Amino acid sequence: MPDDNPKTELLDELENGPWPSFVKEVKLAAQTSASAQDLLRQLELSYQEKKGHWKHGGLVGVLGYGGGVIGRYSDAGEQFPNVAHFHTIRVNQPAGWFYTSDALRTICDIWERHGSGLTNMHGSTGDLILLGTRTAELEPTFQELAQAGFDLGGSGSSFRTPSCCVGMARCEWACYDAMKLCYDLTMAYQDEMHRPPFPYKFKLKCAACPNDCVAAIARADLSIIGTWKDEIQVDESAVKTYVSSGLNIQKDVCDLCPTKCMAWDGHKLSIENHECVRCMHCINVMPQALRPGKERGAVIMIGGKAPIMQGALLSSVLIPFVAADELLDTVKELLRRIWDFWDEYGNNRERIGELIQRVGLPAFLDGIGLEPVPEMISAPRDNPYIFYQARKDGEK
Amino acid sequence: MPDDNPKTELLDELENGPWPSFVKEVKLAAQTSASAQDLLRQLELSYQEKKGHWKHGGLVGVLGYGGGVIGRYSDAGEQFPNVAHFHTIRVNQPAGWFYTSDALRTICDIWERHGSGLTNMHGSTGDLILLGTRTAELEPTFQELAQAGFDLGGSGSSFRTPSCCVGMARCEWACYDAMKLCYDLTMAYQDEMHRPPFPYKFKLKCAACPNDCVAAIARADLSIIGTWKDEIQVDESAVKTYVSSGLNIQKDVCDLCPTKCMAWDGHKLSIENHECVRCMHCINVMPQALRPGKERGAVIMIGGKAPIMQGALLSSVLIPFVAADELLDTVKELLRRIWDFWDEYGNNRERIGELIQRVGLPAFLDGIGLEPVPEMISAPRDNPYIFYQARKDGEK
Amino acid sequence: MTASAEPRLTDIGPPHYEKYLHPLIKKNYGQWRYHENLAPGVYCHIAESGDRIYTVRAGTPRLLSIQTLRIFAGLADKYSGGYLRFTSRNNLEFLLDDPARIEPLKRELIALGYPVGGTNNAISNIVHTQGWIHCHSSATDASGLVKCVMDAVYDRFTHEDLPAKLRIAVACCLNMCGAVHCSDIAILGVHRLPPKIQPTLTKVCEVPTLIAACPTGAIRPATVDGKNSVAVVEQQCMYCGNCYTVCSAMPMNDADNDGLSIWVGGKVSNARSAPKFSKLAIPFLPNHPPRWPEVVEAVVKIVEVYAQHARKYERVGEWIERIGWPRFFQLTGFEFTRYHIDDFKHAALTYARSAHVRY
Amino acid sequence: MTASAEPRLTDIGPPHYEKYLHPLIKKNYGQWRYHENLAPGVYCHIAESGDRIYTVRAGTPRLLSIQTLRIFAGLADKYSGGYLRFTSRNNLEFLLDDPARIEPLKRELIALGYPVGGTNNAISNIVHTQGWIHCHSSATDASGLVKCVMDAVYDRFTHEDLPAKLRIAVACCLNMCGAVHCSDIAILGVHRLPPKIQPTLTKVCEVPTLIAACPTGAIRPATVDGKNSVAVVEQQCMYCGNCYTVCSAMPMNDADNDGLSIWVGGKVSNARSAPKFSKLAIPFLPNHPPRWPEVVEAVVKIVEVYAQHARKYERVGEWIERIGWPRFFQLTGFEFTRYHIDDFKHAALTYARSAHVRY
Amino acid sequence: MPVFEINGKSYEVDEDGFLQEPERWNHEVATDFAGTEAITNLTEEHWKVIDYIRNYYLEFGMAPMIRKLCKETGHKLSEIYNLFPSGPAKGACKLAGLPKPAGCV
Amino acid sequence: MPVFEINGKSYEVDEDGFLQEPERWNHEVATDFAGTEAITNLTEEHWKVIDYIRNYYLEFGMAPMIRKLCKETGHKLSEIYNLFPSGPAKGACKLAGLPKPAGCV
Ligand code: SRM
Ligand code: SRM
Ligand code: SRM
Ligand code: SRM
Ligand code: SF4
Ligand code: SF4
Ligand code: SF4
Ligand code: SF4
Ligand code: SF4
Ligand code: SF4
Ligand code: SF4
Ligand code: SF4
């Protein structure tokens, strides 16, 4: 181990203050890792110069896989030879980010042998990220991980590592088993995850209720958002308990219901369930009194993404309701059709949401064989530019 | 007068039913007008064939004017020689569409001498429309109208005939004198109205309060919508009278206030005026109790139009408030700048609203020398594609 | 014909409105205090001075003969001191200072066939356009449709029993002369075939203008007989007719394929909610003159469902936003089709971008 | 290093989550009845069976060394039977069956420097990205910004006294890895100069891909030394960096011109209102490591104004929609500039299209 | 198709009197049409406008926009109306032998 | 710039070993690079893929999209990974002498 301690005046400042410090973490790693030391040094330089020092992404990986590793080289490799290569390995996290202490230690041990000793718990997509190693270490790291039961996640134009909320494991509102669905889909598409087959990345996230604790709607090409079809389950006496312990049910619940479909007459809460849009607010406020209905499943939404390149998209409704026990089959069939269409018509680096924008939702629905339903839209078109389908002359 | 009565089996059906019949009107005119007779015949043919019989618009007019007449020829001129030419004359209506019986009769007499005897009271833009005459009659009709104090309205790429709501003439909510402003602007831009100088049409409408009884927001390139800046005037006792005569003030007023800035405690109506968006609803419901404030003027909005060609536009806020007595000058100065910009940058057949869309509102504001204010937008941008203005290297 | 004897007059502008104002209006101009709705079609404005002006409103077909205008003039002389006006929706208004004349005027109007009403929460007159009466672009006849629809909703004009104002408009082509795009209910004439390019094109049209006129870029330059002409990529054409507007050699009219679409939920007032565009309710109904039964039935259906389900003060669009579009289609029984889903420029913003779903 | 001795394994997927579930969770899986918030960072889920699982949540910097991970593992062994998890916002959660262990665990976490909190109406951990730690595109450092901002709003993590949840995100470039575009407050690294085309371009880049990558069409084909290359129309460039993503010869980083923008009012939950995008609050603040005082000040300002003015349950975006954007700018004192007005594709839909104005 | 006859010549025109045989145009044709647009005598100023429009049309296939016409000929719009009482579109373009312009001039 | 040396020849490459001298490429170069991508022997099947990619690149200036590659060479994606263990982008494109592809194959 090199023993000259990096000089990091600017970074040292970030060890002050109450929030846990990432600088402290890098320094900890630097006790046993030369690359963590050089990382500190290079980062200090970036702080001085207000400029990053990484070169444009590399293309490295493990045999038989087309993704799972983000190649990275320093543009100051001579100055900081231990981060001249500093590739990141994306490890597919266990669904719900549950671990045992042993599992964590196993990962630590492998990473101590092969990399910088730094991790992200977790990456924004959901992967467990092993931050920084050399090309030669990739294959050994990968195989040791595999022996320990871990595999790589996605990168590039692949099916990206799906993620899910904690769902049934520890949440009373889960309308379907998000962790199981996430796991099953991950297993079903190992090939698509590891050998990028698509025009661009494809992300999938499972949130077991409309609170969407995994931000699926904003970030996933396919979002599976739990919901229910029947009536909110009400425990009258618990409602009264909330009220008597100070909840202003009119103001804090009824008035904030987006469709105003709840009424409180001072004694009884009534809900016009067919007006309820399943927003969760009332349930969130009174978890002990209200619960999602019993006929549970999910709404399937499509097309969420960040701004590049035609602007960010929020996901939009594709199937308004799929019963919980039909989710796996339905999603698989749906993915097959969506990917076929995308494969056929998608441009290079065009996310599915952008493709739908480009060809129009009606054409996309035709392509994947879904009937249009009004739940897919917030309102019908307001422009009269209708592509009436071709009629032959004389025909009606 | 030709005396063979047109056979109009299909049209005759439209003399039945309680609503006043336009067919009856054409038949009335046909009593004295050969062209009205042929119009009936041609229209009957259209009803049989489900197809119009007018040729693509003509280019006819009166000397010294580039607009005010819509040229029209029949494609069945041999069959219906009296509508072979059937041009329409747009006569600039008096502001607010007020007439005396004499004025109406004067028009009728002129039109009896020179045209079909048919009119539209009024066209959608607001003109008094004289429906159908021959090219040779245009100039004499025009001059007789002029002698009677009437002039032509706009057509083509001109300043179109402005129109306004009844405003101060008969409405308690008028926040500025819409009829006067409409008249003054009409007089100020006679040249722009009669000699098309623009890339495309430019419409202006004056509504003296946000009820917008002249649909300005949807149809005018420049809309002047009356509003007030200070507090709604409240007559407490009148409020109580409404309530005691059965108005459910909570449900019908407070709950429908878009910003919920009104509260009724059973005795007193309180308004958080700085939250009020001047929607008019509460005032509409209780005209005897509530009135617009005393500091009156208008919000100036820009860009409304029908769908051709980039889709319909609703007008958007350009100046959030102009005091009533500054309106004429402000609008004139504004029009000068807007038209200069449009002249410089507008494409052929590009409405001002579409130009703003194309170059972006910030560039347009720069061009006309207005500062951006947040009232112009419903929300700031959500995409990060910001055209930061040019900085030289090194500069901050 | 004497006009030519006089010196030629131009740019004199419209007559000054003051000349046409009832003396009571001139006196109380800008000094009105409030108004009362006395009966359908009749209202009274009370001035700060205590003066009262009474308005009687009657429906007209807008297309009026000079014969009828003279009758109106006569009525004005008889009842309102010769003062009358038209409204922004082509209704006729008599301005009376004597309330005793209201009933006689009403009776005479009704006897002449001009219904009194259209005020307050009524269906007012239909804003409309030229149609086969005068326009080259029209896919239908506007006046005829108006007559048929108003016959069917006549009682809604003479009564004020709707939840709120309901404004109908008709336009005979996508140019939408009028305010079809912001109406509670709109009837819009549509073409459904691409333009049929005529051989005269090279003589009568400006090719670059024509190409620029197509919103979807369906018109491409082409050479015909060695001359600059155009071709239409038919799949890209959505039949807007803008090419025809700029070039007579691109006619669109087609008896079998022209027809009507129905739109709902627009408004222009700022009352309560912001102004809204009308949204597609029915993509296509056939042109069936003289009575257009399918169109009339559809409009009546919307009006009745709205009257039954909307809350007080709720305009059509506000009502639908509250209950949601799926319910609108359920209640009316209208079919939801691919055409309802926007696929023009801002389409993606009309997709349902939340998990808010009603079941 | 023994891995190579074993047969090569591929496509085994992640470990099955069941292996890592606390026995009480396995037993009550899908059978939770409700939850209670016991204290900031501590909650309890009660199962139909009556079983209770206690969660203690602690903040982490996300970037964790194996040294620290081993400490966490040790804590789990000591307090929670070895079971722990991470949240979707990079917090750490220990799962306890014995409420008596909550306080000792909290104490030990706090002593180690890991604050307990982030639940309920708190500011939770900041979702963020790589920054200068690992990414080539970054206009700033993500981890550093997070540290500075969390130091400043620390009490808002350990207390739950905001009107509603407040979610902050940082992304170091316009790719927005994370959920910056839908956050209550977002800090976004921005470039402000066009890419500087490198001579190596013709060797290292696919020119057609590069041209297609520009959202505004600012990249045009050009011939350089007889080879296919590109030129950038600088007025059309809005510095998104997508060209650099596909072509290393178009670097964007620039010490003087890179910096931060601040966005507000986004959300992803469907609670009450639909999910929303974040909107621009401050177009540019300078990059001032190591403490970014301007950024910290701006975020604190937003948080404090929000805390003071919003109603209970109102997320930042819901609050601003209620009071209107003009008031937001007044209350925060942020300047409203031309940059706030959208001028990208759907810009016109963000204009104020009604006469609804507050004064 | 209507025909416009003058001085023993006849021209194919549309209903509005616009020449339908673009290839036949020359200054003589313009002079023939002048009377239909209330012009008694074509001056140099007229020719400047006519030739500008004609050349623009030959180059771009359309009539120039009004602001361009004014800028390039140095005339104010009112002056153009003085020269061509029926206006630039109906008057000047007709004399320049253009098809009926689509709303530009 | 790094250099890749083999059999006495040396090639300019980037960090990931992609050839930076496009004009030098020929089958021999491909053979030289094969070893770096865990390929011992270039078969006809390999050449089919390499040549297709190379020709596509020469025509369009970019690597083909993966679905096109599979369609045109008749290989399933898994077969391409069998031929080129480091995958179509890193393996096949490198042997075909392309610059590092931008996310397509
Ligand atoms: C590591 C990670 C950020 C982090 O610190 O957590 C990350 C890092 C990068 N992202 Fe990302 N993205 C990461 C999650 C995201 C997310 C969030 C998510 O997946 O939920 C998004 C927004 C959602 C989305 O996909 O739309 C995201 C949107 C992008 C984009 C823009 C995509 C778009 O369509 O707008 C790019 C650009 C691209 O793909 O070329 C990108 C590209 C990149 C690249 C590969 C840089 C590049 O230009 O090629 C970054 C590599 C950084 C490095 O050197 O390590 N990254 N990226 C996240 C992945 C970790 C993981 O696997 O768990
Ligand atoms: C642990 C976690 C799920 C996971 O699988 O990791 C989680 C867990 C819970 N969430 Fe969440 N949410 C979690 C991320 C989210 C996210 C995603 C995000 O922040 O990126 C969201 C969407 C945020 C947004 O809209 O921007 C989210 C929106 C909610 C909401 C809706 C809040 C709202 O009013 O908009 C609730 C309901 C509530 O809090 O009343 C909720 C409620 C809950 C409950 C109470 C559910 C339950 O009954 O167990 C859980 C405890 C929450 C708490 O922190 O008080 N959770 N929750 C995530 C913790 C993140 C963290 O460490 O802070
Ligand atoms: C007569 C009138 C309809 C009516 O029956 O009332 C009318 C009739 C025509 N309009 Fe209009 N428009 C009439 C008011 C409108 C309005 C309403 C308004 O002005 O408030 C609009 C919508 C508002 C707007 O301007 O955006 C309107 C939007 C159009 C358009 C589409 C403009 C656009 O930018 O989308 C065209 C097409 C064009 O300009 O080339 C058009 C074109 C036409 C033409 C000239 C046909 C054409 O293709 O050139 C029509 C002549 C019909 C005829 O033969 O008489 N007309 N037109 C209205 C004028 C009467 C008057 O002067 O009072
Ligand atoms: C006469 C007229 C103005 C004119 O200069 O001609 C007029 C006159 C009045 N309008 Fe209006 N409006 C007139 C067209 C409009 C229009 C324009 C249109 O329909 O094309 C609108 C916008 C309609 C829309 O949003 O689509 C309009 C939206 C209103 C509103 C707002 C209604 C709402 O809740 O959205 C009010 C307030 C109310 O009725 O409570 C109003 C109120 C009034 C009042 C009560 C104002 C007053 O105090 O005098 C007048 C009597 C209205 C009545 O009919 O009961 N007026 N009013 C127009 C009569 C048209 C007709 O014959 O039917
Ligand atoms: S998304 Fe719903 S089910 Fe999942 S953890 Fe959040 S609140 Fe629970
Ligand atoms: S879930 Fe939402 S929409 Fe449904 S009743 Fe509760 S608050 Fe209202
Ligand atoms: S717009 Fe306002 S002021 Fe004008 S008539 Fe209508 S209600 Fe009265
Ligand atoms: S005018 Fe509208 S916004 Fe203002 S208080 Fe009345 S109802 Fe509310
Ligand atoms: S809507 Fe179309 S067809 Fe009807 S008058 Fe206007 S331009 Fe003519
Ligand atoms: S009808 Fe409209 S879409 Fe079709 S070719 Fe003509 S301009 Fe283009
Ligand atoms: S946001 Fe940009 S700079 Fe930051 S990690 Fe993602 S791609 Fe890299
Ligand atoms: S930074 Fe973005 S806008 Fe500028 S040239 Fe590159 S891709 Fe185009």
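Residue numbers begin at 1 in each chain, while the letters A, B, ... track the order of the sequences. Side-chain atoms are counted along with the backbone in the values below, which use heavy atoms only and exclude waters and symmetry mates. Everything numeric here is computed off the predicted structure, so don't read it as measured data.
With a threshold of 4.5 angstrom between heavy atoms, A:V359 does not approach chain C through any atom at all. Heavy atoms of A:I386 lying under 4.5 Å from chain C belong to its backbone as well as its side chain. Residue contact with chain C, scored on non-hydrogen atoms closer than 4.5 Å, involves the backbone of A:S315 exclusively. Within the 4.5 angstrom heavy-atom criterion, no atom of A:L318 approaches chain C. Interface residue A:C276: only backbone heavy atoms are found under 4.5 Å from chain C. With a 4.5 angstrom heavy-atom cutoff, A:L361 touches chain C via backbone and side-chain atoms both.
Other residues, nucleotides and ligands place no more than 12 heavy atoms under 6.0 Å from the CD atom of C:E297. Heavy-atom contacts from other residues, nucleotides or ligands closer than 6.0 Å to NZ of A:K251 number 12 or fewer.
Contacts with chain C were tallied for A:P210, A:A298, A:S316; A:S316 has the most, counting heavy-atom pairs under 4.5 Å. When each of A:P374, A:G360, A:C261, A:P258 is scored by its heavy-atom pairs under 4.5 Å with chain C, the top score falls to A:P374.
Heavy-atom neighbours of chain A within the stretch residues 299-328 of chain C, taken at a separation under 4.5 angstrom, comprise C:R322, C:I323, C:W325, C:P326, C:R327. Contacts from residues 174-191 of chain C to chain A, taken as heavy-atom pairs separated by less than 4.5 Å, involve C:L174, C:M176, C:L188, C:V190, C:H191 in sequence order.
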Evaluate side chain to side chain contact (heavy atoms under 4.5 Å, CB included) for C:V357 paired with A:F321, printing each intermediate quantity in order.
CA-CA 9 Å; C:V357 186; A:F321 189 80; over 6 Å; no

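A donor-acceptor distance shorter than 3.5 angstrom exists from the side chain of C:Y359 to the backbone of A:P320, with no hydrogens or angles considered. No donor-acceptor distance shorter than 3.5 angstrom exists from the side chain of C:T350 to the backbone of A:S378, with no hydrogens or angles considered.
Between C:Y339 and A:Y388, the angle of the ring planes lies from 30° to 60°, which puts this pair in the tilted group.
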